[in-house]
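Here's the structure we're looking at; comments come further down.
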Amino acid sequence: MSKVIDIIAQLRGLNGTLPKREQHVADYVLANLETIAYQRQSEIAKGAGVSDATVNRFCQSLGCDGFKEFKIRLAQSVAVSLQYLGGQGNDRSPADQLVAQVFGALVDTLNTARSQLDGAALQSAIDMLADARRIVFFGVGGGSANVAREGANRFFRLGIPAEAHADGYLQRMIASTLERGDVVFAVSASGTPAELLDSVAIARQYGAATISLTKAGSDLAEACDIAIGVDLPEDHDIYKPSASRLAYIAIVDVLAAGAARRRPERVKEYLRRIRTSLVPLSTDVGPKPIGD
């Protein structure tokens with residue numbers, strides 16, 4: 001059996017199919033998820049009314065080598081799962097209340113980010129990006145990958161070749177093609193993904209400059225030439241969108257606006273060309289977002 005990662009899902013999937021005594025253990029574990037990780041094997045056996053050997057067989061039925069591995073994997077699973085189990089999942093707040101909650105969280109996060117931003121680091125990043133021959137945005141996972149794509153979307157409009165990549169293998173390959181004059185812009189809320197750390201190291205050995213937008217003091221921040229570090233808390237409401245992602249996009253907008261002002265005439269010409277290319281698609285020639 002392949003190693004199980006989500007113990008809770010495995011327990012639910014096997015519920016009712018386990019031997020009778022092992023099912024007693026499963027019922028006891030599911031009923032005591034918040035405390036089970038702190039209990040010894042003998043305590044679980046006593047709580048379930050079975051022997052220690054039955055508890056060990058139960059662990060093996062779940063795909064673990066034994067009780068020790070079960071405890072480790074259960075602790076990991078419970079740590080991230082409890083916030084999604086139970087609670088008021090059917091709470092139906094009025095739309096206007098949801099607007100206040102979501103927008104309020106965003107405003108709070110933006111203000112937190114604003115108070116943490118280092119003006120000198122921002123200016124250094126703007127100067128580096130404005131002079132870049134090519135900018136490659138790297139991000140992994142949903143939030144950071146989307147911020148990276150938005151970065152490429154903002155900077156190509158300034159006449160700077162810009163692209164975004166979320167695949168770890170492709171990031172490494174792209175990084176190996178970069179050289180002096182190119183810039184890697186790595187985005188990560190945690191600052192720990194090995195893919196980004198490896199790609200930054202590869203790019204730097206060939207002379208490319210590196211910028212990170214990430215958690216202050218993280219491994220990624222330390223690995224880059226310029227680190228824009230912010231430490232943004234996530235809302236405990238699991239249904240709200242990640243406000244930190246939107247704050248990251250706002251920071252990218254600040255950098256793009258700064259880079260545009262470093263090369264105003266060229267940027268105005270590129271924006272004019274882009275807007276003109278879209279005229280045949282719309283009869284509205286007034287001010288509007290470029291690209292709709």
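- A donor atom on one side chain and an acceptor atom on the other are not found under 3.5 Å apart for Thr112 and Thr109.
- For the pair Gly191 and Ser218, the tightest heavy-atom approach, listed with the atom from each and the gap, is CA-OG, 3.5 Å.
- Using a 3.5 Å distance cut-off with no hydrogens or angles, the side chains of Asp52 and Ser42 do not pair a donor with an acceptor.
- To the nearest 0.5 angstrom, Phe67 atom CZ is 9.0 Å from Asn56 atom CG.
- The CD1 atom of Ile135 sits 9.5 Å away from the CG atom of Asp182 when rounded to the nearest 0.5 Å.
- Closest heavy-atom contact between Ala189 and Ser144: N-OG, 3.6 Å.
- Inter-residue side-chain proximity for Val183 and Phe155 is flagged as unmet; no heavy-atom pair is nearer than 4.5 Å.
- Summarising the geometry, atom OG belonging to Ser176 is positioned 7.5 Å from atom CG belonging to Leu178; distances are rounded to the nearest 0.5 Å.
- Looking at residues two or more places apart in sequence or on another chain, you find a ring-ring contact (aromatic ring centres under 6.0 Å, His included) between Phe58 and Phe70.
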**Item:** Derivation of the side chain to side chain contact (heavy atoms under 4.5 Å, CB included) call for Tyr28 and Val50
**Value:** CA-CA 11 Å; Tyr28 180 78; Val50 301; over 6 Å; no
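- Tracing side-chain contacts under 4.5 Å through hydrophobic residues (I, L, V, M, F, W, Y), one reaches Ile249 starting from Ile228; they form part of the same cluster.
- No side-chain donor from either of Gln171 and Asp198 sits under 3.5 Å from a side-chain acceptor of the other.
- The stretch residues 249-269 participates, sequence neighbours left out, in these side chain to side chain donor-acceptor pair (under 3.5 Å) pairs: Asp127-Arg262, Asp131-Arg262, Arg154-Asp253, Glu265-Lys268, Glu269-Arg272, Glu269-Arg273.
- Counting only heavy atoms from C-beta outward, the side chains of Ile226 and Ser124 approach each other to under 4.5 Å.
- Using a 4.5 Å heavy-atom cutoff, the side chains of Thr177 and Arg134 are in contact.
- No continuous path of hydrophobic side-chain contacts links Ile7 to Ile72 [ILVMFWY only; heavy atoms under 4.5 Å].
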**Request:** Evaluate side chain to side chain contact (heavy atoms under 4.5 Å, CB included) for Val25 paired with Leu18, printing each intermediate quantity in order.
**Result:** CA-CA 10 Å; Val25 182; Leu18 294 167; over 6 Å; no
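- Heavy-atom contacts from other residues, nucleotides or ligands closer than 6.0 Å to NZ of Lys215 number 12 or fewer.
- Residue-environment remark: CZ (Arg21) stays at or below the threshold of 12 foreign heavy atoms within 6.0 Å.
- Considering every non-hydrogen atom in both Asp118 and Ala120, the closest pair reads OD1-N, 2.9 Å.
- In this structure, Lys46 does not pair ionically with Glu43, as no charged nitrogen and carboxylate oxygen lie closer than 4.0 Å.
- Side chain to side chain, Arg114 and Asn111 fail the donor-acceptor criterion of an N or O pair below 3.5 Å.
- From Gln10, atom CD reaches atom CG of Asn15 across 12.0 Å, with rounding to the nearest 0.5 Å.
- Ser190 and Thr192 are linked by a side-chain donor-acceptor pair at a separation below 3.5 angstrom, with hydrogens and angles left out of the test.
- Contact check for Ile160 versus Leu129: no side-chain heavy atoms found under the 4.5 Å cut-off.
- For the atom pair Glu222 CD and Ser212 OG, the distance stands at 9.0 Å (nearest 0.5 Å).
- Checked by atom type and distance alone, the side chain of Arg172 never pairs as donor or acceptor with a backbone atom of Gly168 at under 3.5 Å.
- Tyr206 and Ile174 end up in different hydrophobic clusters when Ile, Leu, Val, Met, Phe, Trp and Tyr side chains are linked at under 4.5 Å.
- Looking only at atom types and distance, the side chain of Asp27 has a donor-acceptor partner in the side chain of Gln23 under 3.5 Å away.
- The shortest heavy-atom contact between Asp225 and Ala208 is OD2-O, 4.2 Å.
- Checked by atom type, the side-chain pair His24/Glu22 shows no donor-acceptor distance below 3.5 Å.
- Two different hydrophobic clusters hold Val147 and Val136 under the rule that ILVMFWY side chains link at heavy-atom gaps under 4.5 Å.
- We find the CZ-OG1 distance between Phe185 and Thr210 to be 11.0 Å, quoted to the nearest 0.5 Å.
- Proximity of a side-chain donor or acceptor of Gln116 to a complementary backbone N or O of Asp231 within less than 3.5 Å is detected.
- Between Glu179 and Arg133 there is a salt bridge, since a side-chain N of the basic residue sits under 4.0 Å from a carboxylate O of the acidic one.
- Heavy-atom minimum distance, Leu158 versus Ala259: CD1-CB, 4.1 Å.
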**Asked** Checking side chain to side chain contact (heavy atoms under 4.5 Å, CB included) for the pair Gln39/Lys71: CA distance, chi angles, key distance, verdict?
**Response** CA-CA 9 Å; Gln39 296 185 26; Lys71 283 285 294 292; 5.8 Å; no
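- Note on Ile251 and Leu220: separate hydrophobic clusters, where clusters join Ile, Leu, Val, Met, Phe, Trp and Tyr whose side-chain heavy atoms are under 4.5 Å apart, directly or indirectly.
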**Request:** Check step by step if side chain to side chain contact (heavy atoms under 4.5 Å, CB included) holds for Val230 and Thr214.
**Result:** CA-CA 6 Å; Val230 287; Thr214 187; over 6 Å; no
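- Counting only distance, with no hydrogens or angles, the side chain of Asn32 and the backbone of Thr35 share no donor-acceptor pair below 3.5 Å.
- When every heavy atom of Ser188 is checked against every heavy atom of Leu196, the shortest pair comes out as CB-CD1, 3.6 Å.
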